[in-house]
Every structure is written in C-alpha cells, then in structure tokens.
There are 2 protein chains.
Amino acid sequence: MKEVEQLLESKQIRITAMRLLIYKFLAEKEVAVTLSDIENAFAKADRTTLYRTVKTFEDKGIVHQIDDGTGITKYALCEKGCNCEIETDLHLHFHCNNCNETVCLTEHKIPQIKVPNGFVSENVNLVVKGICDKCSA
Amino acid sequence: MKEVEQLLESKQIRITAMRLLIYKFLAEKEVAVTLSDIENAFAKADRTTLYRTVKTFEDKGIVHQIDDGTGITKYALCEKGCNCEIETDLHLHFHCNNCNETVCLTEHKIPQIKVPNGFVSENVNLVVKGICDKCSA
DNA sequence: AAATTAAGTGCAATGGAAGTGCATTTTTAG
DNA sequence: CTAAAAATGCACTTCCATTGCACTTAATTT
Ligand SMILES: [Mn+2]
Ligand SMILES: [Mn+2]
Ligand SMILES: [Zn+2]
Ligand SMILES: [Zn+2]
C-alpha cells in the first residue's frame with residue numbers, strides 16, 4: 001500500500017481513504033471501467049465523489065479516459081511513465097462485442113496515420129471491436 | 001433531383017418531401033452533421049422525424065454514423081458503392097480541434113491493425129484529431 | 001491546542017442527447 | 001373511394017455527464 005501512497009503524493013494528489021480504495025479498485029481490474037462499475041463496487045460512496053476522484057486522477061495523469069464507442073466513458077490506470085497528459089495516448093483499445101468489455105492494448109501502439117495535405121494530425125483515437133481473447137477461447 | 005429519387009427508390013426508401021430535403025441537405029454539406037445541425041436547418045420539422053429519417057437512411061445504407069469522440073453522433077452520406085452496412089466502414093475520419101468539424105477522408109482507408117493472439121478484429125474506428133485544411137491555411 | 005483556511009465529500013438538481021409510445025396525418029394499394 | 005400501411009409530430013422517458021451548494025474532514029496558522 002505504501003507504494004500507492006507514494007505514487008499519489010508524487011503526482012500531487014492528496015491521500016484520502018476514498019482515493020486509495022478507488023485506486024486499488026482500478027489497479028485490480030484488468031479492464032477499463034465505467035463510473036457505474038465503480039459506483040457498484042462502492043455502494044456507500046456518492047457518484048459525484050467517484051466522478052471527481054477519477055477526474056482528479058485523470059488531471060494528474062494517472063488515469064486516462066477511453067471512448068470505446070459505447071457512449072459510456074471508461075477509465076483505466078496509465079502505465080508507468082505513460083505521459084498521456086503530455087503526448088497523445090498512443091496505444092490502442094479493444095472492445096469485445098461479446099462480453100462488452102474494453103481493454104488497453106498498451107503494447108500495441110497506433111501506427112502513423114497519413115492525412116491529406118493541409119491537415120495536421122495532433123491526436124488519434126483507435127478502437128478495435130471484435131472478440132476478445134477470453135471470449136474467443 | 002431525379003437522380004436522388006432514383007437512388008432512394010433503389011434502396012427501398014419511400015420518397016417524401018422531408019426525405020428529399022434532408023438528403024439534399026446532407027449532400028450539400030461537405031462535413032458530417034449532427035442531428036441538431038439538421039434540426040436547425042429545418043426548424044419546422046420535428047426532431048423525431050429527422051432522427052428517424054436519418055436512421056432509415058442509415059439502415060438502408062446511404063448514410064453512416066460517425067463517432068468522432070465529441071459525444072454527439074454525426075452523420076454523413078456514404079460514397080457510391082460504399083457498402084458500409086455489409087463490410088465495416090473502412091475510411092478514417094478527421095475531427096478539427098479548431099472549427100470542431102468532422103470530415104470523412106474517404107480516400108484514406110484504415111490500415112490493417114494487428115491485435116494480440118486470441119483477439120479477433122471485426123471492426124475498427126479510427127478518428128484523427130488535429131487541424132483541418134481550412135483552419136491550417 | 002484552538003482557530004482559520006482549504007480541500008474533499010454528499011445531496012440535489014440541471015442539461016444534453018438518444019430513444020420510445022401513441023395519436024394523427026399522409027401515402028399507397030385494392 | 002376506402003382500407004391498410006407508412007410517415008410524422010408531440011409528449012415523455014431514460015441515461016449519463018456535470019454543476020452548485022452545504023457540510024465534513026484535513027491541513028495551516030496563530
Ligand atoms: Mn488505454
Ligand atoms: Mn465517413
Ligand atoms: Zn469478450
Ligand atoms: Zn477546422
């Protein structure tokens with residue numbers, strides 16, 4: 001647990017019980033989660049608090065948002081040294097049409113995309129949909 | 001106008017005044033439009049009608065939805081012979097962070113994306129964000 | 001330690017957009 | 001012309017993101 005507290009402090013995030021719990025929850029999940037997922041895991045806490053906690057994490061660069069096309073924002077912890085606040089998020093995301101879960105494929109970087117003359121690419125969002133490893137087994 | 005009516009008929013879409021107008025509106029726009037854009041252009045028509053008209057167009061394969069990450073669904077006419085109802089939509093979309101408009105880059109196909117073993121890719125959504133040609137000039 | 005200030009949390013409410021049920025109008029078919 | 005089918009309009013619902021404000025907890029200052 002000490003490591004988590006150190007991480008939060010290093011990112012200028014004050015430590016509270018709620019924040020430690022939410023961080024732990026995100027760390028245990030191997031998939032991206034919605035606000036409702038968090039809400040269900042912490043029935044006592046108010047949705048607003050969870051929302052703002054995740055937003056704080058995002059602002060401080062330890063969580064990134066994922067728009068997987070379902071219309072519901074998902075969140076996942078950043079990898080160590082991910083820097084997605086500064087550079088653009090480079091890895092791709094996979095959404096399973098069967099189990100409806102979304103995962104970060106952090107090892108799979110988004111290839112360079114060519115755009116027509118006059119266009120300037122600053123950022124790319126790439127979501128692959130299909131069947132995940134668990135569902136295809 | 002005759003061509004439009006023929007196109008609609010060939011796709012089993014009944015011709016109504018509203019549908020012709022909306023088709024014309026989409027055809028004139030060189031960018032993807034939101035439902036609100038259409039709503040503003042046809043103040044008299046009810047939002048539901050516009051919604052269902054566009055949905056009909058989509059079901060019949062003459063319009064495709066675009067999720068550009070703004071959280072608001074956008075629509076654009078399909079190219080001739082686009083077949084995005086059958087195969088997956090292959091071209092990429094560009095969203096301008098300056099003018100906030102989204103365009104189809106129909107000439108730019110989405111490259112083959114590698115996914116890890118066990119994952120099956122069925123569909124890819126690729127949105128590039130940056131500065132469009134008009135805004136960068 | 002007490003007082004002051006700032007930050008975090010909870011409750012209530014708002015707003016935007018997508019979507020649906022049903023009554024009414026318009027089109028099509030017999 | 002009449003009956004059936006499709007399209008349209010209105011009202012309403014749902015879902016999620018987001019905010020204002022009051023209250024509680026933690027951090028600073030005196
Ligand atoms: Mn990710
Ligand atoms: Mn397109
Ligand atoms: Zn799955
Ligand atoms: Zn632009």
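Lettering of chains follows the sequences in order, A, B, ..., and the numbering in each one begins at 1.
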Quiz prompt | Donor + acceptor pair across side chains of B/N100, B/H95 (<3.5 Å) | solution =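 Per modelled atom types, B/N100 and B/H95 side chains form a pair under 3.5 Å.
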Quiz item: Can a donor-acceptor pair be found between the side chains of B/N125 and B/H93 at a distance below 3.5 Å?
Solution: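 On atom types as modelled, these side chains do not qualify, holding no pair under 3.5 Å.
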Atom-pair distance ([atom1] on [X]; [atom2] on [N]), nearest Å:
X     : N      : atom1 : atom2 : result
B/I72 : C/dG15 : CD1   : C1'   : 12 Å
A/Y23 : C/dG8  : OH    : P     : 18 Å
B/D67 : C/dA17 : CG    : C1'   : 13 Å
A/D59 : C/dG8  : CG    : C1'   : 15 Å

Once you round to the nearest 0.5 Å, how far does [atom1] of [X] lie from [atom2] of [Y]?
X      : Y      : atom1 : atom2 : result
B/C104 : B/I66  : SG    : CD1   : 4.0 Å
A/L92  : A/E107 : CG    : CD    : 11.0 Å
B/T73  : B/D68  : OG1   : CG    : 9.0 Å
A/N123 : A/I113 : CG    : CD1   : 12.0 Å

Quiz item: Is the ring centre of B/F25 less than 6.0 Å from the ring centre of B/F42?
Solution: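 Yes, ring centres under 6.0 Å apart.
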Practice problem: Examine C/dA18: is either OP1 or OP2 under 4.0 Å from a nitrogen or oxygen in the side chain of B/T73? Give yes or no. | Solution: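 Answer yes for this pair, as a side-chain N or O of B/T73 is under 4.0 Å from OP1 or OP2.
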Practice problem: Assess whether side-chain contact (heavy atoms from CB on, under 4.5 Å) is satisfied between B/F57 and B/I22, documenting all intermediate values. | Solution: CA-CA 10 Å; B/F57 284 178; B/I22 294 175; 4.2 Å; yes
Practice problem: Identify the 5'-most and 3'-most nucleotides of DNA chain D with at least one atom closer than 4.0 Å to a non-hydrogen atom of chain A. | Solution: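 Under 4.0 Å from chain A, the extent on DNA chain D is D/dC16 to D/dA27.
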Practice problem: Look at B/E30 together with B/K134 and state whether they make a salt bridge at an N to O cut-off of under 4.0 Å. | Solution: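 Looking at B/K134 together with B/E30, the answer is yes, because their closest N to O distance falls below 4.0 Å.
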Quiz item: Which residues pass the side chain to side chain contact (heavy atoms under 4.5 Å, CB included) test with A/A43, sequence neighbours left out?
Solution: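 With sequence neighbours excluded, A/A43 shows a side chain to side chain contact (heavy atoms under 4.5 Å, CB included) to no residue whatsoever.
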Quiz item: Do any of residues 50-57 of chain A sit with a heavy atom less than 4.0 Å from DNA chain D, and if so which?
Solution: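 The stretch gives A/Y51, A/R52 as the residues lying under 4.0 Å from the strand, ordered by number.
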Pairs under 3.5 Å (N/O, protein and nucleotides 28-30 of chain C):
none

Exercise. Go through the steps to decide whether A/H64 and A/E58 satisfy the test side-chain contact (heavy atoms from CB on, under 4.5 Å), and finish with yes or no.
Key: CA-CA 6 Å; A/H64 63 281; A/E58 198 196 341; 5.7 Å; no
Quiz item: B/M18 and side-chain contact (heavy atoms from CB on, under 4.5 Å): which partner among B/I15, B/L20, B/T16?
Solution: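 Result for side-chain contact (heavy atoms from CB on, under 4.5 Å) with B/M18: B/T16.
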Quiz item: Taking only residues at least two apart or on different chains, which pairs with a member in residues 39-53 of chain A satisfy salt bridge (charged side-chain N to carboxylate O under 4.0 Å, His left out)?
Solution: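 Qualifying pairs, neighbours excluded: A/E39-A/R47.
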Exercise. Strictly below 4.0 Å, heavy-atom distances to any atom of DNA chain C: list the hits from residues 41-49 of chain A, or just say none.
Key: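 Going residue by residue through residues 41-49 of chain A, the ones with a heavy atom under 4.0 Å of DNA chain C turn out to be A/D46, A/T48, A/T49.
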